Structure formats: structure tokens, C-alpha cells
Amino acid sequence: MGILERLNGGRWGVHPHDDHKRPAADTPLRVMPLPAKLCVPLLQHVGAPAKPVVAVGDSVLRGQLIAAAQGAVSAPVHAPSSGVVTAIGPVTAPHPSGLPFDAITITLDGEDRALEAAGVDDPLALEPAEVTRRIADAGIVGLGGATFPSAPKAQLGRKLEVQTLVINGGECEPYLSSDDSVMRHRADDVIDGVRILMHAVGARTALVGIEDNKPEAIAAMREAARAFAAIRICPVPARYPMGSDRQLVEVLTGKQVPAGARTASIGVLVNNVSTCAAIHRALRHGEALYRRIVTVNGGAVAAPGNVLAPVGVLVEDLLAFVGLKEAPARLVMGGPMMGLALPHAQVPTVKACGGVLALTAAEIARPAPSACIRCGSCVKACPMGLQPLEIAARVRAGDYDGAASLQLDDCLACGCCAYVCPSNLPLVQSFQHAKGTLWARAQQKKRNALTRELADARRERLERDARERAEAAAKRKAARAAQQASAAAPGGQEMPS
Amino acid sequence: MSTDSMGRLWRDGLWDQNVVFVQLLAMCPTMAVTTSGTNGLGMGLATTAVLVVSNMLIASIRDFVSSQVRIPVFIVVIATLVTLVDMSLNAWLHGLHKVLGLFIALIVVNCAILGRAEAFASKNGVLASAVDGLAMGLGFTFALTLMGLVRELLGAGTLFSQASLLLGPAFSFMEVTVLPGYTGVLMMILPPGGFLVLGFLLAGRRLIEQRISRRACAGGPAQSACSA
Amino acid sequence: MDLALWRERIVYQGGLLALSTFLTSAALVLANRATVSAIEQAAQDDLKQSLTQVLPEGMADNDLLADALEVADTGGRKVNVYRGRKAGQFSAAVFEYRARGYAGDIVILLGVDPAGAVTGVRVLRHSETPGLGDKIEAAKSDWIHAFEQKSLAGMPLASWAVKKDGGVFDQFAGATITPRAVVKAVREGLQFYAAHQAEISEAAR
Amino acid sequence: MNMLASSALPSVAASPHAGQLGSVSHVMLKVMLALAPATACGFWYFGWPAFNLWLVTVLAALAGEALCLRLMAKPVVPTLLDGSALLTGWLLAVSLPPWAPWWLGVIGGLFATVIGKQVFGGIGCNLFNPAMVARVALLVSFPVVMTGWVAPIGLTGAQAPGWLESLQLTFGGSVPDAYTSASLLGQAKTELSRGVSLLQTFANGLPVSWSGMRPGSLGETAVLLIAAGGIAMMLMGLITWHIPVSMLLAIAIPAAIGHAVNPARYLDAGAHVLSGGAMLGAFFIATDYVTSPSSRGGQLVFGAGCGLLTWVIRTYGGYPEGVAFAVLLMNALTPVIDRAIKPRVYGRNWRGQPIAPRKEN
Amino acid sequence: MLVPVVILTLLGLMLGLMLGYAARVFAVEGNEVAAEIAAMMPGTNCGQCGLAGCGAAADALVAGAAPATVCPGGGAPLAQAIAAKLGLTLDLGGLADQGPKIAEVQEDICIGCARCLKGCPTDAIVGASKQIHGVLHQACTGCGACVTECPTGAIGLRPLPQTLQDWNWASPSFA
């Protein structure tokens, strides 16, 4: 951070006074018993949804491929346990809209029979392309929340000759501790995953950024990384949103990622610690990504803590396992800052779900919004250096283009502005609304271009057809005339006058 | 011309299309001279006179004027007219000129006059233009006098002070000191007061309009038209 | 001839504007001719009227306007001095003088008798704050009459100031600069008169 | 599992699902706390009449706000409770002559909230600082009363009016001439306009001190407490240093230069910073959220503009004090400043273009 | 006295000639605004607005003869864009709650006559005679031209189903 920025009060982000991470983070990891059924969604990643390769009535084994990747940016889906496929179709998505998305419903047999897994003894001896292929086959996606498929990401890193991996152990959202748990209990797995990923990408160094409010995780990771000079454990200040890749990259490397570009453009690839652990399991044990550690937390939860749960478990079942001590006022998938409120509890978890929160009314209580007093708290808090108050004023006035001109596109939706706002304005929602509206307009524009093209093509075709018909008719007429002329020439007198 | 459209002209000039309160034209004289009711009245009457004559002149030559040079022609006509009025008042009605002289030069830059020439007189006949000029001018006079009275009352505690200088000694009964010993809110006579008073009068006009339309809605049969 | 077609021609447009300017300027020239003398007369009447305001009735029986003299003051400024005579005898001088007020110059008309005492003062032009500084106008306040009969000889120079500055003249509450400027203008006017008294009364013969 | 019945989940809302639970009233309350010591000190210096005026002004400001809200059919009590009208009235009261008559406070308080604030649409919408709008309106309208300063004779001093006597002063007649006095800036301006040099006027030293025992409004005498309150606001994170520091520097630097060049014509930097509304303006007036720029750079420009204009108006203008005018003038520029000076967005340069990627090697 | 009159007259002549000349040189050909608005429209000339194609609608908009909501195919976004362009106040009442629509063929009624194919301005309906027809979602503007063509009433307009991808947060209510 330059002196100018420091003088300008360059502390972005917020510092929640109570991050609610403990005691959940300190309780021992529990393994969730198998529920009666799982709904494994087909779209758990950025890109094209996976295509089912099983049919209703098929029996599946744990780790069996049930939906294959479609296209370059996609990820396959595997069965988290054994049972019978009882439905392939829409279930409610873990999304505030309550709209459905497609999922494969498996009724479990409880036997948890597994497919024979084939691990590799020394993944570092494999060709990088082979490592990437195995990562792809295991259906690994970014588990920090971005859900970008890891294999194409590694390929991109290799193509751009990325030298530095940044491993994201920021986990800055309050309440959540699943990454913390992974680092504490599976530090060796994480470090091994980092080494495999470095091999796959061809990176020379890896910087593991861990917020300094997780001393146990830092200690465990230091211990695990002791033998590897290329991997550095870097404690970073605990500040939200330290876990955002752009912010973490800046803190660790001192460089900013250009707007609209990926971190790879400055030679850095960011991966989450849980992703690294998953890569380790995929390569060493041949285990696909079908389960993960989920933090179940919130004031309404009786026994908050980290739970190893299969992907696709219903939130309802997960909460039943940890118990509720009171009726939650809001269910959230993810952290409280960026997580999605759930319409109800009959929604499945996904690969990137690091936490499920059952929040009480007291926890989500916020005073009614009042007028903006332009105090500038949001400007101070915005990690992207935007002016949320100005953007919100434009959105409110329906001036979406004006909002876009203030770089609304760069907004992370991290929620810092709304968190600090003394007027309790619904800033994030207004930005999401504006982004959605702008997106819809852009789509409409594309559509207009397409329909215009089609209409023009049709017009041209019709004109051509008409022309051809006219020419053909003219030709026919001429031919007929010629014929008649030749027929009439000998005996022209017979023509009626 | 039908009486109906005549009535329309009058209503437009005095209220519906009032130069000051609705069209927000002629802000320069409005702000500059409304420091008292008398000044407002004087400026309004002088403007009305010029407006009527200029409207009639322009309406009578409108067929000959090409659109490309109409603005300079109108301006030349108006400026000349104003200068003629100024000269003759100065020469033959010198007492009146001493009171009004300040305003008369201002009339040249009064965009309301050019505005009516452009918007009405160049499209209508001489009689209609004369009526329009009179109505608009009286509307202007009404607005200026009202503003002047409000500012004078708040700023100095009097009404129509020095009216006898403008209208003659017979009108000295109009001069009222409402609040004897009142020191006055000086700002009201200064430029900011002009803006403030204009703002509140505009708001007041809207309020009246709202009341009228609400009453019309309550009584009228066309309920559907009132929802907007 | 079709008017609509003609109107679109450049020559017509040029000619039209030329004709307009010709007619209007001609009208103005004629009006100017007709009114110029009347206007001049009215201006003279005005001046005469203000002159009489600072000269009490009966102080002069001549036409002051006809007896004007241009005198340069110490600052090199030309001052028009009108001289009053009674029975041919120099009886008063009237002239404009100015001082910088709160907002721009304050121009006063000052009448002085041969002994150097003020016969009357009127403010001709000023741009002082209305309601505050405009009490210097005779129409708004009697304040301006305080100068009458005062002379430089009559009291020490230090007393030619507002009370706040240790003088004898009132200031109005809240506005010191305006009365101070008027006092200064009168004082300097008297000094000017004293310095050129000989010249003024001499040439009156 | 009826605890998860969908009726029990009434609120599906956008993130974040957590917040700081702050409110506008908290902010206003903290500002008032910061202003309270200086005000109390002012009461101590100027006695009961000052308190009466403060009370009347604050009540009038609240009444004006309530009236407007009522007319616009908006909720009255919750809006009054946000404290902004109270703070506006308070800031106005501490910038008035402490012994001014009651009607000055009433007109000022009403003007501040009605015309300075509600006419623009209420809290957050006003273009100009309402307290300063009212102060300037009063100054322009009632120059005599607005420049009738008294010397601080204390709350309990021998000459000081008792409580009953103070009511007479505030609600009855005018301030006896015996009490009136001139502020430092006023005295300097008057003497300069008479042609008396400052060296001569202040031959016995400038009547400036940190204790603030001199004629002036409540907000300009106890400068030390004002500054302390301002620093407290910085520590509480309510304001940043940008506006106060740039404003005070922009007054002090030209003042120091002028004084060095011609001490007979220009007051020194200390006199400028410690007298008049400079401190109050820098910490409490110019930092008003609504009417100042939101970016740091913009705040620096804004503060510097306020300071420079203050010095220019004090030195060359018609009025002895220029903080209120300077702040209002810069308020008018705030939208322009906000448009021109935006914080640098992450990953972009100052002009808003994406930065060039630099490879990590 | 003659000199000023002559000077002013000459000045008038000169300026008049200049103005006349300038008016000719800088004359604006056609209406650029109308062209810009026509470019914003779907361009399918579907005629749903009741005017002869998108160009005519744009001309009507510029002339003030049509409201900003004239184009049903463009929906609310287009109406807003047009209103912004022309500085009109917008009353979305006529468009409210309708959202974008597309044509849908009811397969059990369709007789495969292929008349709708010819009527579609964007070739959005696929199929051949004696075959059940289908609608290409991307190409359909919801203009409804096919609805009137269909002899059996098998084609109707239905609102586009909302998906997770195009769902959007509502504009929040500020204080």
C-alpha cells in the first residue's frame, strides 16, 4: 500500500467485532450419518450443466459418475453414496428466488458401497496434462464459492505460464470455519494438494494466505509446509473480505488485478485450501468430489460445528443432524455477508457450500432503512474503491447506465457497504438489481441483433424468391411467345384479330 | 375569432401559461425589479404595452418574414419599439420616465416578448396577437406585482410604497404601512429573497392547481381521468 | 409572384433584414430628432431641480446651469461647479463630489455658501444595501440634513467623522461604512471648495 | 421438524445477513456529544441569555422540521428522533451572537430546517449546510443584530445577568450598549476600513487566546474545546482528518504569507485560525456529510476551498467573517467535486481505465 | 443622420445574406434521431405497433405521434431507452406485468399446415408441412404474427418462463 493510499485511509473492508466463528470452529469435526436421500444438482459450477449418464431406476455406487461434464468449462457429478436413482428433474435450488434446477435424486440404501477407487502413488511423476485430466474427472470446482472448474483453471494457468499460486485460506466470512477446519485437521492433505496443483500449473511458488484469527490453522499449516521451501504460509490481517481473490492477491503480492481481468493476467492463480485438499484426495486416493466439510452455525443451531457431509444433502437433514434450539428466522447458504437466503429447508447443498446458517430473528434484525446521509462509511469500507452511495443514488433514480459508469461492474457484492451503512440501506440488493437489469438489457440487445439479422435475411430471401419467380415467369412467357411466334409464323392469318 | 378561443387566450395569459409562474420566462426583470409592489406594477405595465404593440407588429408582417431571418427581424423590431417608447416617454412624459426609465431598457432583454413573437404572433392574426399580448402582459404584471408585494411586505413592512410617484397623487391611498416600526427582513429585498419568494409562489400555484383538479375530480363525472 | 417561393431565396432574406434595419433605424433617427431637444430640456430641468434642493430658496436668482465652471481638484478630476449669484454677487457654489461607499461610489451634490458652510447635501447615486445604507437618501431619512450649516471652520477636522470614529455625525446601526463615506465626501468637498474658492468666486465676476 | 415450516421463514432477503446496527441517530448523537463541551463552556462564558437562545433555536429547528414533515405527510416522530434537526439547530445556535433576541433564534431555526433542508427533500437531500444557510440568511437580513457581540462576562460574574434577568434580555428588549463589544475580525475590518493599520489597532497584542475569553459566538470562543471535540469525532471514526486539516491549513498558509509581507494589512495565521468560526467550521460545519464530497481527494479540495475562501472573504470582502459564505460556496461545488474527483477503483487507474497487467515473476 | 441608417441597413443586408446562406449550408438532411431510434428497435417490422414497420414507428415517435411504449416487442427496456432518448416521461402502465412473451405451438392441435412459417418475420418457427412445428426461443420476438396465421388456433403467446439465470432481484425500497 503506497503512502498516498495509506494517508487516504486505505483500509478497505470491515472488521466484524464478533465473527461468530467460535465455538463452532473449535468443536471436533463430525461425520454426518447418511440421510434417506440425496439430491445431487447437475449445475454446481460455473459453465454448462452436467449431463446425466444414469437413468431413473439405476443403482449407483459411491463415487460413481452420474452426470458427465458438457463442454470445456463444466464439471462431472458423482454419487455421494450408494442407492437407487429415483428421480432426475427439478428440485428447488438453494437460491432466494425459490426457482427450480435439475438434480439427480438418489434414494440411499444405507450400505454406502463404494466404487473401486484408483489412486496414484506419485502424482508429481505424472504429466501435468494427466494431473489436470484427473482433476477434471474428479469433478473438482473452486470450493471457495466461485465454483469455477479447477481443471480448466489449471490449464489456463499453464498456458499463461503462471509462476505463483495463491492459496486462499482467508475464510473471512463470519460464522464460517470449514476451511479453518480443513487446515487444522488436514493440513498435510492441503499442502500435498498445493504441490500437485503447482506441478499441474507449473508454478514455482505458492503463497498460502491465512487470516491471523486462525492461529491453530496457521500452526498446523506451517508444520505441514516445513519441508517445502516453495510453499510459504503467510498470515494476513483478519479483515473482511480478505478471502476475495483480488484483495488477497493484493495483500500477498502487492499488485492489483486489472479490472475485468482474471488474476492469471498478472501471473497469479488463486485456489482455495479446500480445493487443494480435494485435489489431494482425487489424485492420491482417486476420490471424486462428492463430500465436503460444511460449517453449520447460527444462533438457532443447538450444536454448531463442522460436519463432513455428502454433496446434495438437504439442508433440512443437515439441520436435523446438528439440532435446532429455536425456529430460525432465516436460513442462509454460505456466510452472512454474501450467502444466499434459502426459500425453505428442502434444498440440496452443493459442492461449494461451505456453510449453512440458521439465523435467529435477533441476528438478522436491522432497523428500517432511513435516508442516505452521505456519511461516506460505504466509500471507506468498499474493498474495490467504489462509491456505493453514488451508485445507489443512481440505481434508485433508475439511472442504470449512470450506475454502470461508476464501475458497478467491479462490485463484488461483498456487502461491506451495507454492513456499515448507518441508514441501513439495501445497497447490495440495489446493486444486484441494477446488475441484473443491465445484464437483461445486454441480452435483449443481442436478441434484437439476432432477430434483426433473421428478419433481414428473410426479407432478402423473399425478394430473391420473388425476383426468381418473376424471372422464371418472364422466361416462360418469352419462351411461350417465341413458341407461339414460331407456330404462328407459317399461318399468321389464323390468328384471331 | 370565437369567444371561446378568446377566453382561452385570457386564461392562458393570466394563469395556465403565465409567463413567470408557468413558463418561467423573463426571469431577469422578475428578479431585478420586484423589490416593491410599485416597481413590479410599473415594470409589468410597461412590458404589457410593449408586448401588445410588438405582437401586433409582428403579426402584421409575419407573412413576409422568412424563417431563416425571423429572429433578427423580430429582435430589431422589438428593440426599436422599446427604444421609441423610451425616447418618447423621456421627452414628453418625463415624470413617468423617471420612475419607469430603469425598467424600459430592461424590456429589450425580456425574452417573454421575443417568446410571444416567436410562439404566437408569428403564427396568428393581428387581433388575436394583440389579445395574447395583453393577456400575457397582464399575467406578467400580476406575477410581478404579487412578487413585489410579498417581498416588500416581508422586507420593509409596507405595500405599494411610492405608488403615487408611478400612478399619480390620486393613488396615494394605495400606499400602506402594514407594520409600523417593523425593521424588515432585509434579505427579501436582496436577490436571494427574489428567488425564495418566486419558489414559494410557484409552490403555491401548484398547490392551487392540485386543489382545483381534486375538486374537479370529486364533482366531475369523468372519474377515470382523475386517477393520474 | 409567389411569396412562399421568394421567402426561400437568400437574396430575399438578406433584403428583408436590410429593409427591417433600414426602416427601424430610420424610425429611430426620426424619433431622435423629434425628441432630442425635449429630452435635453428635461435633463436640465432635473439638474436644476436637484440644484435647488441643496440651495435654500432665495440664495440665488440666476440660472445656475448657465454659469458652470470646470475646476480640476487635487486628484486631477474635473469637477463641474455651478455658481449661484444673487443680484450679480457670487452667493453659492454647487458641485458633485464622490467617495467610495460600501458597494461602489456614492455621488453627492453639495451646496456651499461663500463662507464655506454647507447649504445642503443630496445623494444623487449610490448602490448601498437597500434598507440599511439607503438611509442616506433624503426620501428615507433626515440624516442627510445633519450637514446643513456645518463648515470646516465651524468645528475641528476630527469632528468631521461619524460618532464611532470620534466625530459628530450619527452612524446608522449596522452600517458604518456608508455614512462614513458620505461624511468623507462632504468633508473633502468642502476642502476642495476651500482650495479653489478664489478661482470659483473669481471667475464668477 | 416443524421448526422449519416455511411460515417460520418470513424473510428471504438479499445479503448481507449481518450488520453493524448503527443508525443515523447514533451518528448525530456522537456529534452532539463532541459539541457539548464547547457549548457548555460557551454557556459559562456568556451566561443564561446564551442558554435561552440555544434552547429557542433548537426548538425552532425541531418545530420547522416537524411542520414540514406534517405538511408532507411523512412520519414526524421517527424523523425528529434521528437528531439531525436538533444538531442543525444546535450548530446554528452556536454561531449566533450569544445575547441575540429570541426571534433571531426562532427565525433562524425555522429557516434552517424549512428552507435549508426540507425544501430540498429532507435529510440527505439538501445541497447546502442548513445551519449555515440560516446563519447567512440572518446575517443578510438582520446585520445589526447579527453583529451585536458581547464580551464574556461569565455565568456567575458580578455583572452577569441572573436567570430572570436573562429572560428579559432574550425575550424583551435589546442588549444594553454597555455590554456590546466587537469581535477581533470585526475590529480589524473596521479599523482597516478607517485606514488604521493593524499594528496600531492591536498595539497591545492580539486579543487571541486558546481559552476563548473574548467576544464572539459560542462556537468561536472555546476554540480549544471545539478542536478537542473535532479530534474526538475523528477518533470515533465519524470524520476523517481531510477536511479539517486542509481547511485550517488553507486559512493559515495565505494568512501567514500575507502577514509576512505586510503585517499592517494582514492578520497573522494564529489570529485567523483561532478566531471567528474557523475551528467550528473546520470540524463541525464543513465536515457535514450531506454537503461535502464523499471521496478523500474531494474532501481535501473541498476543505482547501473552504479555507482559502474564508481567508479571502475575511481579508478582502465586505463582511469581517467568511466561514459561512465559504462553506456555502464550496457546498455548491460539492457535486462538481464529487464528479471530478473519484476514489481510484481497485484494478483501475485514476481515470477509470483498467490498469495494465504486471506479471508476477 | 444618414450614416448610421446606411451602416445599419448594410449590416442587416450582410447578416441576412449570411443567415440565409448558413441555413442552406447547414441544413439537416432527414432525421438522425429517428434513424437512431429505429436502430434500437427489434427491426423485424412485425407491425404489432400498428404502423408500417420499425422505421415508421421511429418517425412517429420523433414526431410525438406515438408513445414510448409503442413497440410491444421491445418491451419495457426499449420503452425506457426511447423515453430517455427523447426526454419523454414514461407511463409503463400499458406494459406492466406482461414481460417478454414467446410463441408456443400446441402440438395436439397443430395440423402442420406451415402457414405460420411464412408469416414469421424472423423465421423462428421450424417445421415442414404435415409436421408438428416448433418455436426457436432465441429467434422469437413474441410479435404474434403467427397467431393470426394459424387456422386452428394452435399457436398462442405465453410468457417466457423465468429461470435461475434471468431471475433478478427486485428494486429495493429505499427509505
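All figures in this text were calculated on a predicted structure; none of them were measured in a lab. Just so it is clear: chains get the letters A, B, ... in the order the sequence lines come, proteins before strands, and each one is counted from 1.
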Query - Nearest heavy-atom neighbours spanning T451(A) and A139(E) - result: CG2-O, 3.4 Å
Query raised in the report: Can you name the residues of residues 108-119 of chain E that have some heavy atom under 4.5 Å away from a heavy atom in chain A?
Result: K118(E), G119(E)
Query raised in the report: Do any N or O atoms from the side chain of R458(A) and from the backbone of C120(E) form a donor-acceptor pair under 3.5 angstrom?
Result: yes
Query raised in the report: Does the side chain to side chain contact (heavy atoms under 4.5 Å, CB included) test come out yes or no for F101(A) and T163(E), once each step is laid out?
Result: CA-CA 8 Å; F101(A) 69 162; T163(E) 64; over 6 Å; no
Report task. Keeping the roles fixed (side chain from Q432(A), backbone from N168(E)), state whether a donor-acceptor pair exists under 3.5 Å. Result -> no
Query raised in the report: Side chain of R452(A), backbone of M41(E): donor and acceptor closer than 3.5 Å?
Result: yes
Report task. Could you tell me which portion of A440(A) (side chain, backbone, both or neither) has an atom closer than 4.5 angstrom to a non-hydrogen atom of chain E? Result -> neither
Query raised in the report: Who among H95(A), R459(A), R441(A), Q429(A) has the most heavy-atom pairs with chain E under 4.5 Å?
Result: Q429(A)
Query - Intermediate values then yes/no, side chain to side chain contact (heavy atoms under 4.5 Å, CB included), K435(A) and W169(E) - result: CA-CA 9 Å; K435(A) 283 183 196 171; W169(E) 283 101; over 6 Å; no
Query raised in the report: Which pair of non-hydrogen atoms, one from S97(A) and one from L164(E), has the smallest distance, and what is that distance?
Result: OG-CD2, 3.6 Å
**Report entry** Crowding at CE, M18(E) (>12 non-hydrogen neighbours, <6.0 Å)
**Finding:** no
Query raised in the report: With sequence neighbours left out, what residues match L43(A) under side-chain contact (heavy atoms from CB on, under 4.5 Å)?
Result: H45(A), P49(A), Q165(E)
Requested in this report: Over all heavy atoms of both residues, which pair between P426(A) and P172(E) is shortest? Give the atoms and the distance, please.
Outcome: CG-CB, 3.5 Å
Requested in this report: Measure the SG-CG distance between C140(E) and L450(A) for me, rounded to the nearest 0.5 Å.
Outcome: 11.0 Å
Query raised in the report: Going from CG on L99(A) to CD on Q162(E), what distance comes out if it is rounded to the nearest 0.5 angstrom?
Result: 5.5 Å
Report task. Measure the spacing between NE2 of H137(E) and CZ of R447(A) and express it to the nearest 0.5 Å. Result -> 9.5 Å
Report task. Could you tell me which portion of S423(A) (side chain, backbone, both or neither) has an atom closer than 4.5 angstrom to a non-hydrogen atom of chain E? Result -> neither
Report task. Determine, step by step, whether D123(E) and R461(A) satisfy the side chain to side chain contact (heavy atoms under 4.5 Å, CB included) criterion, reporting the C-alpha distance in whole Å, the side-chain angles of both residues, the deciding distance to 0.1 Å, and the verdict. Result -> CA-CA 11 Å; D123(E) 291 335; R461(A) 195 190 67 223; 2.8 Å; yes
